[in-house]
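Please read the structure below before turning to the comments.
Each chain gets a letter, A, B and so on, in the order its sequence line appears, and its residues count up from 1.
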Number of protein chains: 2
Amino acid sequence: MTITQLQYVLAVAEHKNFTLAAEKCFVTQPTLSMQIQKIEEELNILIFDRSKKPIQLTDIGQKIVSQAKNIVNEADRIKDIVEQQKGFIGGEFRLGIIPTIMPTLLPMFLNNFIKKYPKVKLLIEELNTEEIILKLKNGHLDAAIAATPLEDEKIKEIVLYFEPFVAYIPEHHASFQKEEIEVADLNLNEILLLQDGHCFRDGILNLCKSVSDVDQNNFQIQSGSFETLIKLADEGLGTTLLPYLHTLDLKESDKLKLRNFKEPKPAREVSLIYPKSELKMQIIDALRSTIAGVVKGAIVFQNVQIISPLQKKAQ
Amino acid sequence: MTITQLQYVLAVAEHKNFTLAAEKCFVTQPTLSMQIQKIEEELNILIFDRSKKPIQLTDIGQKIVSQAKNIVNEADRIKDIVEQQKGFIGGEFRLGIIPTIMPTLLPMFLNNFIKKYPKVKLLIEELNTEEIILKLKNGHLDAAIAATPLEDEKIKEIVLYFEPFVAYIPEHHASFQKEEIEVADLNLNEILLLQDGHCFRDGILNLCKSVSDVDQNNFQIQSGSFETLIKLADEGLGTTLLPYLHTLDLKESDKLKLRNFKEPKPAREVSLIYPKSELKMQIIDALRSTIAGVVKGAIVFQNVQIISPLQKKAQ
DNA sequence: TCATGTTGATAGTAATTTGTGATGCAAAAA
DNA sequence: TTTTTGCATCACAAATTACTATCAACATGA
């Protein structure tokens, strides 16, 4: 049994297709077929049920694949250990970022990071929380930045900062006169939210539910970007909530419509998250310290009330 | 990098000698040398410092060896998973037992076990607790039976039974008249103990220390077997303590000299212990259930006071 | 129904890797 | 100094892995 064979098994298990799996492994299909057969023969069991289309894992195949993931992960970490020892920080690193964090946080640290660690090739992807969790688990991402806590057994979190929400109230709205507003002033029916799947939206839904349990079957507009929401709010269609960092980029005229919450401010916890396997920890730590450096001073908030992305709205 | 190469690295790390390691791996020395060189070249580091005699691990070599152990263990477990799935319980199994448990417990379950699991080849070794812990960790034992708790991070314990201690009081001794005795009646200075290294002895030392803190620099006889202790006690040299199962084999005349402790009886906890790696769990579980079967009825004690083998006497 | 495409298995061969015995060489031991 | 010990190196053999070409099974759809 070789590590290569296990990698082939994992590739087939993932793609449910020998030909495609072979491509991903940079070998021809017969090579991969033979090696799979060889390990099946050595263990004297069938890992894949080739009679089904697409190909299925057998019961024992499931267990073997899960164990093979362990082994391959642990094996990968050897190179990691060596690089860490050499003090080398480099190589490809795939980072996922949720859409509501990407445009504000990325410009703050990217320049610093690539200057400080020129040998790291960062591959950044905008993904929603569910996609991120999936890709962290199957190894297609090395780490990600998302709202936490996730309370996922297989994922570790390092909190980067707390980002409060700020209300955007159009001029003709009742609450516009208030200097500061309270969570109780919010009404889910008039808040414009991002489209489903964005965890930020889930967070806001929780916020409102905790105050007034309104019925869910109301008229709602769902948009993909905050700019749309701001324009809709200006058109008199309601209010919206913006994460603090987003408010910094607004026009002066729009900033007048922002209202801070009274303390404890509702806020989201933003963390660097990565799989428990802890591969490429040097780069993860480099990211953490770089972001911590730029964030320090930019967003320091205490006495905030964390809105968890966890509890999804009732379906 | 292959699993075989890692096994070669582990063999050299263990034996500090290429030639010997090669033998243990059933290959010639050049083969092993070349494979070690290949992995060192691939990782572009030196794992071994060949200038020292005997061969030493480099700093990074240490880390690589520890990670290699993980990988090889996880790899071994694949075969384990397959066998478990097939319901096959067999193969070699190396079991360590401490000397004070071996002669009483082994005859109770060995026959049952080999009848029930004829395909398991049990290799049983009598070892003291320290040796057992060492060999469990380096993989030379699959499991062991010893007094617990050990509180060792890398070792798991399944309690098999609690075995009380019984005092052996010669006729002319003051306490001989009592029907039952108490821990307070014990005096370390007159108790005959097993030679150092036997955890049973450590247990008794703790027992006495907890009652009367006598000075350690007293006349003491240390023997390797309970029979010697009994004879010495009969010669008027003191008293001794015996684990319950040992007392069952005494002559009737000697049984008259036994005195039970009042409850809670001082007792030792006897457990099946094995490394966290959890290899060969089917066999470990087969052992557990077999021993549980014979022990049930033979030794059922409650309200006992466990004497831990952990705290060693002050040096 | 019959071409057609997809997908995995097989065969034969080439390339690579792993292993062997013989030998070299340096350092420690006698 | 001589001998022994212990790892490295070399040339070659065996085994393994990979490739190209081809086949067989099955599904698709005109």
Calculate the interatomic distance between [X] atom [atom1] and [N] atom [atom2]; express it in whole Å.
X      : N       : atom1 : atom2 : answer
E41(B) : dT17(C) : CD    : P     : 11 Å
Q35(A) : dA15(D) : CD    : C1'   : 12 Å
H15(B) : dG6(D)  : NE2   : P     : 13 Å
E23(B) : dT5(D)  : CD    : C1'   : 13 Å
E40(B) : dC7(D)  : CD    : P     : 13 Å
K52(B) : dG6(D)  : NZ    : C1'   : 17 Å
L32(B) : dG6(D)  : CG    : P     : 14 Å

*asked:* Does the plane of the ring in F113(B) sit parallel, tilted or perpendicular to the ring in F109(B)? Use 30° and 60° as the thresholds.
replied: perpendicular
_Just by distance, no angles: are the side chains of Q67(B) and N70(B) close enough, under 3.5 Å, to form a donor-acceptor pair?_
yes
*State plainly whether the residues E125(B) and R94(B) are in salt-bridge range, i.e. N to O under 4.0 Å.*
no
*Taking only Lys NZ, Arg NE, NH1 and NH2, and the carboxylate oxygens of Asp or Glu, determine whether E74(A) and R77(A) approach each other closer than 4.0 Å.*
yes
_Side-chain N or O of Y8(B) versus OP1/OP2 of dC7(D): is the shortest distance under 4.0 Å?_
no
*Is the phosphate of dG21(C), meaning OP1 or OP2, less than 4.0 Å from a side-chain N or O of T28(B)?*
no
_Spacing of OG belonging to S289(A) relative to CD1 belonging to I284(A), to within rounding of 0.5 Å_ = 12.5 Å
*Which is true for F48(B) with a 4.0 Å heavy-atom rule: it touches a base, it touches only sugar-phosphate, or it touches nothing?*
nothing
*Contact class for T2(B) (heavy atom, under 4.0 Å): base, sugar-phosphate, or nothing?*
sugar-phosphate
_Could you tell me if the side chain of L95(A) sits less than 4.5 Å from the side chain of D142(A), heavy atoms only?_
no
Check nucleotides 4-10 of chain C for protein N or O atoms closer than 3.5 Å to its own N or O atoms and list the pairs.
unit_1  : atom_1 : unit_2 : atom_2 : d
dG8(C)  : OP1    : F18(A) : N      : 3.0
dG8(C)  : OP2    : N17(A) : OD1    : 3.2
dG8(C)  : OP2    : F18(A) : N      : 3.0
dG8(C)  : OP2    : T19(A) : N      : 3.0
dG8(C)  : OP2    : T19(A) : OG1    : 3.0
dA9(C)  : OP1    : R50(A) : NE     : 2.3
dA9(C)  : OP2    : S33(A) : OG     : 2.9
dA9(C)  : N7     : Q29(A) : NE2    : 2.9
dA9(C)  : N6     : Q29(A) : OE1    : 3.2
dT10(C) : OP2    : Q37(A) : OE1    : 3.3

*With no hydrogens and no angle check, is any side-chain donor or acceptor of E157(A) less than 3.5 Å from a backbone partner on D152(A)?*
no
